[in-house]
Visitor: 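Quick one: the structure is below, and I'll ask about it shortly.
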Amino acid sequence: MTATETPVAVVTGGARRLGRRLALRVAARGYDLVVLYRRSAEDAASLAQEVRALGRSARALQADISRREEVASAFTDIGETEGHVDLLINNVGNYNPQHVTALDPTVWDATLAANLSGAYYCCYHALQRMPDGGSMVNIGMAGLEGIRANTRGADYFVSKTGLLVLTRALAKGYADRRIRVNMVSPGQLENSIDLPPPDEIGQSVPLGRAGTLDEVAEAVEYLLDASYVTGANIDIAGGYRL
Ligand SMILES: NC(=O)c1ccc[n+]([C@@H]2O[C@H](COP(=O)([O-])OP(=O)(O)OC[C@H]3O[C@@H](n4cnc5c(N)ncnc54)[C@H](OP(=O)(O)O)[C@@H]3O)[C@@H](O)[C@H]2O)c1
């Protein structure tokens, strides 16, 4: 395959769930797709097939993004094949609801490595291949701004808060190239692993329901067009923990 002018989107953790929806939505908007997956090879292959049926090119590449060398080699491959990265969506985010008093250091290391360092490795390598005017969207977690004392999942909240700080630093650092870097932060999504029952969700979500994957995708799509928005974090969360 040779490099084309068609914009290329790279979506991490894109084979399943939210990442898959985001990948399909950006492909429907005219991006060729590279989906990075870790274990979900079949889902990644079926996504690539689905995207090709939309008339776009699509490839699935295996990479554990917590491993620097695997990220480097995936982006070398992208550089040689697609030639450029116009949009990076850092969607990987592992959540382990261990209580902070029992938080295992190996879990801490793994969460920070995938959710924060892995996202940075992808930003670093994508930026080497990103034309001026490109874009990055990091998927965060709503309710970050208050830096609340979350006793469960402290490693996760540290990683997502760190990702917000990184988002803002990159936004400022790359503004002279018109590369916009933003964050979209869901709260409780319909597929959340610890979704409260319907009669209790209103206690933490003022709008009284879980968000849909499409509602998150709409925010990502908004950012693709929002030429004057950078360094922003958009909570798509129904007022989660206001
Ligand atoms: N779901 C929610 O309610 C919710 C709420 C707030 C925020 N979010 C955020 O939204 C994003 C997506 O959420 P989700 O629930 O759809 O995610 P998920 O299913 O937990 O994970 C998405 C994908 O991440 C990939 N992944 C994990 N570790 C990886 C690694 N080291 N290297 C490469 N890929 C790795 C996995 O790929 P493989 O399957 O290929 O191994 C997985 O399919 C996350 O950032 C999450 O924090 C979600």
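All ligand and atom numbering here is 1-based and tracks the order in the structure. Just so we're clear, the structure is a prediction, and the values are computed from it rather than from any experiment.
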Visitor: Is any NZ, NE, NH1 or NH2 atom of the basic residue among Arg59 and Asp77 found under 4.0 Å from an Asp or Glu carboxylate oxygen of the other?
Guide: yes

Visitor: Is the backbone of Asn91 close enough, under 3.5 Å, to the side chain of Thr12 for a donor and an acceptor to pair up by distance?
Guide: yes

Visitor: Hey, which atoms in ligand 1 end up nearer than 4.0 Å to a heavy atom of Asn94?
Guide: 27 (C), 28 (N)

Visitor: Looking at Ser192, which atoms of ligand 1 are within less than 4.0 Å of one of its heavy atoms?
Guide: 3 (O)

Visitor: Under 4.0 Å from any heavy atom of Val92, which atoms of ligand 1 are there?
Guide: 24 (O), 25 (C), 26 (N), 27 (C), 28 (N), 29 (C), 34 (N), 35 (C), 45 (O)

Visitor: Same cluster or not: Leu189 versus Met183, using hydrophobic residues (I, L, V, M, F, W, Y) connected whenever any side-chain heavy atoms lie under 4.5 Å apart?
Guide: no

Visitor: May I have all residue pairs that pass salt bridge (Lys or Arg N to Asp or Glu O under 4.0 Å) and include part of residues 24-35, sequence neighbours excluded?
Guide: Arg25-Asp214, Arg25-Glu221, Arg29-Glu221, Arg29-Asp225, Asp32-Arg56

Visitor: Please report which non-hydrogen protein atom sits nearest to atom 46 (C) of ligand 1, along with the residue it belongs to and the distance in Å to one decimal place.
Guide: Tyr156 OH, 3.6 Å

Visitor: Short question: side chain of Glu200, backbone of Pro197 - any donor-acceptor pair under 3.5 Å?
Guide: no

Visitor: Does ligand 1 have any atom sitting under 4.0 Å from a heavy atom of Lys160?
Guide: yes

Visitor: Carefully, step by step, assess Asn96 and Thr111 under the rule side chain to side chain donor-acceptor pair (under 3.5 Å).
Guide: CA-CA 8 Å; Asn96 306 289; Thr111 304; 3.0 Å; yes

Visitor: Just checking Arg68: does its CZ atom have more than 12 heavy atoms from other residues, nucleotides or ligands closer to it than 6.0 angstrom?
Guide: no

Visitor: Examine distances only and state if a side-chain atom of Lys172 and a backbone atom of Thr230 form a donor-acceptor pair shorter than 3.5 Å.
Guide: no

Visitor: Tell me the protein heavy atom at minimum distance from atom 12 (C) of ligand 1, and give that distance in Å.
Guide: Asn91 OD1, 3.1 Å

Visitor: Is the backbone of Asp104 close enough, under 3.5 Å, to the side chain of Gln98 for a donor and an acceptor to pair up by distance?
Guide: yes

Visitor: Quick one: look up the protein heavy atom nearest atom 18 (P) of ligand 1 and list residue, atom name and how far away it is.
Guide: Arg17 NE, 3.9 Å

Visitor: Specify the protein heavy atom at minimum distance from atom 5 (C) of ligand 1: its residue, its atom name, and the distance to 0.1 Å.
Guide: Gly187 O, 2.9 Å

Visitor: Can an N or O of Leu18 be found at a distance shorter than 3.5 Å from an N or O of ligand 1?
Guide: yes

Visitor: Who's the nearest protein heavy-atom neighbour of atom 37 (O) of ligand 1, and how far?
Guide: Arg38 N, 4.0 Å

Visitor: Closer than 3.5 angstrom, by distance alone: can the side chain of Arg148 be matched with the main-chain N or O of Arg241 as a donor-acceptor pair?
Guide: yes

Visitor: Relative to the heavy atoms of Arg39, which atoms of ligand 1 are at a distance of less than 4.0 Å?
Guide: 38 (P), 40 (O), 41 (O)

Visitor: Any idea which protein heavy atom is nearest atom 39 (O) of ligand 1, and the distance to it?
Guide: Ser40 OG, 2.5 Å

Visitor: Out of all atoms in ligand 1, which are within 4.0 Å of some heavy atom of Met141? Include the element for each.
Guide: 6 (C), 7 (C)

Visitor: Considering only the protein, which heavy-atom contact is closest to atom 33 (C) of ligand 1, and what is its distance?
Guide: Ala63 O, 3.3 Å

Visitor: For Gln49, look at atom CD and say whether over 12 heavy atoms of other residues, nucleotides or ligands are found less than 6.0 Å away.
Guide: no

Visitor: Counting each atom of ligand 1 from 1 as listed, which ones have a heavy atom of Gly140 under 4.0 Å away?
Guide: 7 (C), 9 (C)

Visitor: Would you check the N or O atoms of Tyr37, main chain and side chain alike, for any that come under 3.5 Å of an N or O of ligand 1?
Guide: no

Visitor: Geometry only, no angles: is Ile65 polar-contacting ligand 1 at N/O separations under 3.5 Å?
Guide: yes

Visitor: Heavy-atom pairs closer than 4.0 Å: do any link ligand 1 to the side chain of Val216, the backbone, both, or neither?
Guide: neither

Visitor: Measure the distance from atom 42 (C) of ligand 1 to every protein heavy atom, then report the residue, atom name and distance (to 0.1 Å) of the closest one.
Guide: Arg16 NH1, 4.2 Å

Visitor: Does any N/O atom on Leu189 come nearer than 3.5 Å to any N/O atom on ligand 1?
Guide: yes

Visitor: Using the six-membered ring wherever Trp is involved, compare the ring planes of Phe157 and Tyr95 and label them parallel, tilted or perpendicular (cut-offs 30° and 60°).
Guide: perpendicular

Visitor: With heavy-atom distances below 4.0 Å as the criterion, list the atoms of ligand 1 near Ile139.
Guide: 9 (C), 10 (O), 11 (C), 45 (O)

Visitor: Enumerate the residue pairs fulfilling side chain to side chain donor-acceptor pair (under 3.5 Å) with a member in residues 33-47, sequence neighbours excluded, ordered by first and then second residue.
Guide: Arg20-Ser46

Visitor: Any nitrogen or oxygen of Gln188, side chain or backbone, less than 3.5 Å from one on ligand 1?
Guide: no

Visitor: According to a 4.5 Å side-chain heavy-atom criterion applied to Ile, Leu, Val, Met, Phe, Trp and Tyr, with indirect links allowed, do Val85 and Ile65 form part of one hydrophobic cluster?
Guide: yes

Visitor: Regarding atom 30 (C) of ligand 1: of the candidates Leu213, Leu163, Asp64, Ile89, which has the closest heavy atom?
Guide: Asp64

Visitor: What atoms in ligand 1 come closer than 4.0 Å to a heavy atom of Gly93?
Guide: 20 (O), 44 (C), 45 (O), 46 (C), 47 (O)

